[in-house]
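See structure below.
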Amino acid sequence: MTSGNPFEIAQRQLDDCARILDLDPGVHAILRQPMREMHLALPVRMDDGSVQVFPAYRVQYNDAKGPTKGGIRFHPEETIDTVRALAAWMTWKCALLDLPLGGGKGGVICNPKSLSRNELERLSRAYARAFAPFIGPDVDVPAPDVYTNPQIMAWMMDEYSKVLHKNAFGVLTGKPLCVGGSAGRGDATARGGLITIREAAGILGLDLSRARIAIQGYGNAGYYAAALARSEFGSTIVAVSDSRGGVYHPTGIDPDVALAHKQATGSVAGLPGAQPIANGDLLELDVDVLIPAALEQVITGENAGRVKARILAELANGPTTPEADEILDANGVHVIPDFLCNAGGVTVSYFEMVQNNAMFYWEESEVHQRLDQRMTLAYHRVLEAAQRYGVTMRQAAYAVAVSTVAEAMQLRGWV
Ligand code: GLU
């Protein structure tokens with residue numbers, strides 16, 4: 001999935017932050033490692049009667065601020081180090097948004113595109129059953145991520161509920177609405193990211209109604225980012241892509257037409273009326289806003305110098321390497337770092353947990369308003385820290401998040 005080791009990158013970013021904050025060495029040592037991780041093997045009966053064993057992980061990185069929280073990814077190139085890095089980033093994400101949660105992440109090495117619906121259900125249930133002793137509303141609360149979705153969350157919640165012999169809706173988030181989901185969770189990651197883009201554009205004096213936007217990745221985050229940028233801001237989506245290829249249209253792509261094409265053919269590639277564009281070339285387009293919304297390490301020391309966007313809004317987790325960061329900074333690209341930009345998903349997941357606990361569900365407008373409030377505040381806290389410490393937006397996001405977790409650890413007497 002990635003070239004460099006993502007967990008080493010996460011550790012380097014933390015080391016950099018420890019230097020900026022002059023962090024207590026005990027706090028630093030604790031935060032450099034996951035608190036706990038589970039490696040399990042999931043035997044699953046396939047449709048042809050054979051049994052396949054899927055390696056599965058759950059990393060609970062740090063729970064000083066509350067139960068660990070984070071998605072589960074189904075991906076053929078998943079690695080434990082990717083899951084560790086993502087669990088660390090969830091810790092910083094929850095702290096930055098001031099959620100009463102720690103960070104965690106899960107993963108299964110599998111190719112969901114080659115599984116039938118029944119096989120996918122059996123794998124999802126196997127995950128929930130095997131990890132049931134280690135997760136729970138007060139312990140560790142999973143959610144969807146790359147190639148997992150609300151249906152998978154419903155199966156997992158159901159399996160966990162069966163193990164416990166009671167309905168346990170709060171065990172995970174991102175569920176469908178009628179089984180304990182929250183209004184507004186579906187597009188929350190993209191909506192949160194667009195709020196940070198709106199704030200950044202305000203600071204930079206960029207008129208979003210005239211902005212040209214390119215989006216890499218057309219899953220849940222990428223599609224909604226395209227649709228909302230057009231409907232809320234009136235921006236022009238000039239390019240979109242997915243793992244199979246991309247399309248470019250100088251006067252604009254209709255996000256819903258691109259989605260319908262992807263649903264019909266399996267990819268946005270080949271969208272009628274648009275020109276083909278390679279994933280790598282999309283990142284270098286002359287646009288105002290570039291949104292990586294797929295996987296890690298796509299902007300590297302090699303291509304960062306050719307990024308022309310004014311705003312790089314990281315809806316994906318970990319799309320930019322530390323080498324790229326230095327180049328982007330020198331070139332004056334305004335980076336909205338991943339665990340700020342894509343924090344809308346976990347923020348509405350937190351709202352889902354609150355609603356599950358209260359057994360009382362909010363209107364979508366209330367979710368939107370509370371999400372806007374938290375994302376706007378987080379953006380400005382990071383901007384203010386960047387100015388105060390004279391550092392990049394990513395370093396500033398780290399400074400705010402890590403000092404929050406450090407304070408919780410100190411108050412709990414861990415250090
Ligand atoms: N997987 C999403 C993320 O990376 C959401 C996590 C959650 O809702 O817990 O932030």
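Counting starts at 1 for both ligands and their atoms, in listed order.
No option in Arg73, Lys113, His75 other than Lys113 meets the side-chain hydrogen bond (donor to acceptor under 3.5 Å, both in side chains) test with Tyr147.
Scanning the protein for heavy atoms near atom 10 (O) of ligand 1, the closest one is Lys93 NZ, 2.7 Å. From the protein, the heavy atom lying nearest to atom 9 (O) of ligand 1 is Lys69 NZ, 2.7 Å. Protein heavy atom nearest atom 1 (N) of ligand 1, with residue, atom name and distance: Asp145 OD2, 2.7 Å. For atom 7 (C) of ligand 1, the closest heavy atom belonging to the protein is Ala143 CB, 3.3 Å. Residue, atom and distance of the protein heavy atom nearest to atom 8 (O) of ligand 1 are Ser349 OG, 2.5 Å.
Counting only heavy atoms from C-beta outward, the side chains of His334 and Arg310 never approach each other to under 4.5 Å.
Ligand 1 places these atoms under 4.0 Å from at least one heavy atom of Met90: 3 (C), 4 (O), 6 (C), 10 (O). The contact set between ligand 1 and Asn317, taken as ligand atoms under 4.0 Å from a residue heavy atom, comprises 4 (O).
To the nearest 0.5 Å, the span separating CG on Asp138 from OG1 on Thr68 amounts to 11.0 Å.
In this structure, Gly70 counts as a contact residue of ligand 1, since one of its heavy atoms falls inside 4.0 Å of the ligand. Using a 4.0 Å cutoff on heavy atoms, Pro144 counts as a contact of ligand 1. For Lys105, the heavy-atom gap to ligand 1 drops under 4.0 angstrom.
Atom CD of Glu326 has 12 or fewer neighbouring heavy atoms from other residues, nucleotides or ligands inside a 6.0 Å radius. Other residues, nucleotides and ligands contribute only 12 or fewer heavy atoms inside 6.0 Å of the CD atom of Glu407.
Only side-chain heavy atoms of Arg185 come within less than 4.0 Å of ligand 1; its backbone N, CA, C and O stay farther off.
Side chains of His39 and Glu37: a donor on one and an acceptor on the other come within 3.5 Å.
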Hey, mind stepping through Thr173 and Lys69 against side chain to side chain donor-acceptor pair (under 3.5 Å) and telling me if it holds?
-> CA-CA 9 Å; Thr173 60; Lys69 182 88 191 80; 2.8 Å; yes
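A salt bridge links Asp242 to Lys262: one of the charged nitrogens lies within less than 4.0 Å of a carboxylate oxygen.
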